Visitor: 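Before anything else, here's the structure in question.
These numbers were taken from a predicted model, which means no experiment stands behind them.
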Amino acid sequence: MKNTKEYCNTTDNKVSVVIAVRNEEKYIERCINSILNQDFNHNNFEIIVVNDHSEDATLSIVENLKISNLKLLSLPHGVTSKKEALKLGVENAEFKIIASTDADCILPPNWLRLIANNIDKDADMLLGPIVFEQKSGFLNAFQQLDMMAMQSFQFGLLSINKPTLNNGANLSFKKDEYQLVGGYDKYETPSGDDIFLLEKFNNQQFNIKGLLNQNFIVETVPTKNIGEFLQQRFRWVSKSRFYTGQLLKFLSIIILFQNILQIFIYGQVLLDEKFTNYFIFLLLSKWLIDFILLFLVATFFNRKKSMLYFIPVQLIYPFYIMGVSVASMFLKFEWKGRKY
């Protein structure tokens, strides 16, 4: 594992941090403060906050900060969505390296330094790790384990040069290459700005790298209740029909069928006495592999307490995957006061 000292080199690279905000009064000042506290020359970065018609105190909070290297922009009337806000931010960015994050995130002190030292001629897009803030309770542990599984999936594919997943909470790229691919996608989805941009970079065979470094982990906020959680997951799934990457489509189908198979095994364990031991062995073998992988990931992210919930999460996870997949085809969802 790499340590921070390897990256503490001097660099002339400058970074524009773009944050799209809507109704983020609880978190935006905390996020901006974590950027201001970076171990990075303040003359070498700017913060661009783009307001997407917030209905709370977000706008006034940012206006009152009075920070010299902060730009506050607002989407014009009739123009909405996170993608449009990010687009406006990138268009107004002064520097050639763009770093995006979310308003409910806390950035580690070396975040900008690591971006500046790793976006170079060999990397056009840099993917970084994220983790949920550590909180108690089953729902928080479920989200934590689910996110860590996705992170292992993302960085595992990166290790074999197959960039397939990313997260806009810790994503940076070159502005020139962003413009060459035509910017963000035009799909009418509230999310997906990150993964569809990744697909565009992939299609142009630009260099995409990941930095799996403990000093580069961005913390974000888990949902507070089951209602918010399901709304979030419906939103995430809503973009899947627009995926163009064949590997991502294939792996999504494999994961779906794997969970269907696990539900089938549950049924066989309960109903088929003849092969009960055989199916229990299959189930426990899978769980052991999953446990080892997640334990290693949880150790890296310092979230080993979440592993206390491993068995109950494993038991219900196939039903969660099936339920969200089916329900997302029929149910509408809400995000930040807008219905989709």
Visitor: Check this for me: F250, atom CZ, are more than 12 non-hydrogen atoms of other residues, nucleotides or ligands nearer than 6.0 Å?
Guide: no
Visitor: For the CG atom of N166 and the CD1 atom of I208, what is their distance to the nearest 0.5 Å?
Guide: 8.0 Å
Visitor: Is the backbone of K332 close enough, under 3.5 Å, to the side chain of K339 for a donor and an acceptor to pair up by distance?
Guide: no
Visitor: Taking the side chain as every heavy atom from C-beta outward, state whether P190 and R338 have any pair of such atoms under 4.5 Å apart.
Guide: no
Visitor: How long is the straight-line distance from CG of L112 back to CG of N117, given to the nearest 0.5 Å?
Guide: 11.0 Å
Visitor: Checking side-chain contact (heavy atoms from CB on, under 4.5 Å) against D124, which of K174, Q205, Q204 comes through?
Guide: K174
Visitor: With a 4.5 Å limit on heavy-atom distance, are the side chains of F138 and P312 in contact?
Guide: yes
Visitor: Taking NZ in K87 as the centre, count heavy atoms belonging to other residues, nucleotides or ligands within less than 6.0 Å. Is the count above 12?
Guide: no
Visitor: In the hydrophobic clustering (ILVMFWY, side-chain contacts below 4.5 Å, transitive), which residues join Y27, or is it alone?
Guide: V221
Visitor: Strictly below 4.0 Å, N to O, side chains only: are R235 and E334 in salt-bridge contact?
Guide: no
Visitor: Taking it one step at a time, do Q268 and I265 satisfy side chain to side chain contact (heavy atoms under 4.5 Å, CB included)?
Guide: CA-CA 5 Å; Q268 294 302 305; I265 291 175; 5.5 Å; no
Visitor: What about F300 and F155, are their ring centers closer than 6.0 Å?
Guide: no
Visitor: Are any side-chain N or O atoms of N225 and backbone N or O atoms of G227, one a donor and one an acceptor, separated by less than 3.5 Å?
Guide: yes
Visitor: A side-chain contact here means heavy atoms from C-beta on lying under 4.5 Å apart; do V237 and F234 qualify?
Guide: no
Visitor: In terms of heavy-atom contacts, does CZ of F281 have more than 12 from other residues, nucleotides or ligands at under 6.0 Å?
Guide: no
Visitor: Is the F229 ring parallel, tilted or perpendicular to the F142 ring (thresholds 30°, 60°)?
Guide: perpendicular
Visitor: Are the side chain of S172 and the backbone N or O of I98 linked by a donor-acceptor pair below 3.5 Å?
Guide: no
Visitor: Please tell me whether F196 and M125 are part of a single hydrophobic cluster in this structure, the criterion being side-chain heavy atoms less than 4.5 Å apart.
Guide: no
Visitor: Over all heavy atoms of both residues, which pair between N23 and S54 is shortest? Give the atoms and the distance, please.
Guide: N-OG, 2.9 Å
Visitor: Yes or no on side chain to side chain contact (heavy atoms under 4.5 Å, CB included) for E84 and V50, after CA distance, side-chain angles and deciding distance?
Guide: CA-CA 9 Å; E84 290 294 333; V50 188; over 6 Å; no
Visitor: Do the non-hydrogen side-chain atoms of N170 and F216 ever get within less than 4.5 Å of each other?
Guide: yes
Visitor: I need the minimum non-hydrogen distance between N167 and M147, along with the two atoms involved.
Guide: ND2-CE, 4.4 Å
Visitor: Can a salt bridge be assigned to the pair K336 and E24 using a cut-off of 4.0 Å between side-chain N and carboxylate O?
Guide: yes
Visitor: I need the minimum non-hydrogen distance between P129 and L212, along with the two atoms involved.
Guide: CB-CD1, 4.2 Å
Visitor: Rounded to the nearest 0.5 Å, how far does CH2 of W335 lie from CD of Q231?
Guide: 12.5 Å
Visitor: Would you mind checking if K83 and D193 are paired as a salt bridge, meaning a charged N to carboxylate O distance below 4.0 Å?
Guide: no
Visitor: Kindly assign one of parallel, tilted or perpendicular to the pair F40 and F45, based on the angle between their ring planes and the thresholds 30° and 60°.
Guide: tilted
Visitor: Test: salt bridge (charged side-chain N to carboxylate O under 4.0 Å, His left out). Region: residues 296-314. Which pairs qualify, not counting sequence neighbours?
Guide: E219-R303
Visitor: Flag the pair Y184 / Y178 as yes when their ring centroid distance falls below 6.0 Å, and as no otherwise.
Guide: yes
Visitor: Are I130 and I195 joined in one hydrophobic group, where the rule is that I, L, V, M, F, W and Y side chains link up if heavy atoms are under 4.5 Å apart?
Guide: no
Visitor: Can you see which heavy atom on D122 is nearest to which on K209, and at what distance?
Guide: O-CE, 3.2 Å
Visitor: With heavy-atom distances below 4.5 Å as the criterion, would you say the side chains of Y317 and L145 are in contact?
Guide: no
Visitor: In Å and rounded to the nearest 0.5 Å, what is the OG to CG distance from S240 to L248?
Guide: 9.0 Å
Visitor: Which pair of non-hydrogen atoms, one from L294 and one from A149, has the smallest distance, and what is that distance?
Guide: CD2-N, 3.9 Å
Visitor: Are any non-hydrogen side-chain atoms of L157 and L165 less than 4.5 angstrom apart?
Guide: no
Visitor: Rounded to the nearest 0.5 Å, what's the gap from NZ on K175 to CZ on F95? Could you check?
Guide: 10.5 Å
Visitor: Would you say the ring centers of F173 and F206 fall short of 6.0 Å from each other?
Guide: no
Visitor: Any sub-3.5 Å donor-acceptor pair from T220's side-chain atoms to F132's backbone N or O?
Guide: no
Visitor: Are E199 and T244 linked by a side-chain donor-acceptor pair shorter than 3.5 Å?
Guide: yes
Visitor: Charged N to carboxylate O under 4.0 angstrom, K82 versus D52?
Guide: no
Visitor: Any idea which heavy atoms bring I115 and A99 closest together, and the distance?
Guide: CD1-CB, 3.8 Å
Visitor: First locate atom CG of L107, then atom CG of N33, and finally report the distance between them rounded to the nearest 0.5 Å.
Guide: 11.5 Å
Visitor: Count the heavy atoms belonging to other residues, nucleotides or ligands that lie under 6.0 Å from CD1 of I311, then report whether that count exceeds 12.
Guide: no
Visitor: Check whether any side-chain N or O of Q144 sits under 3.5 Å from a backbone N or O of S306 as a donor-acceptor pair, and report yes or no.
Guide: no
Visitor: For a 4.5 angstrom cut-off between non-hydrogen side-chain atoms, does N44 reach V15?
Guide: no
Visitor: Check whether any side-chain heavy atom of W287 lies under 4.5 Å from a side-chain heavy atom of L315, and answer yes or no.
Guide: yes
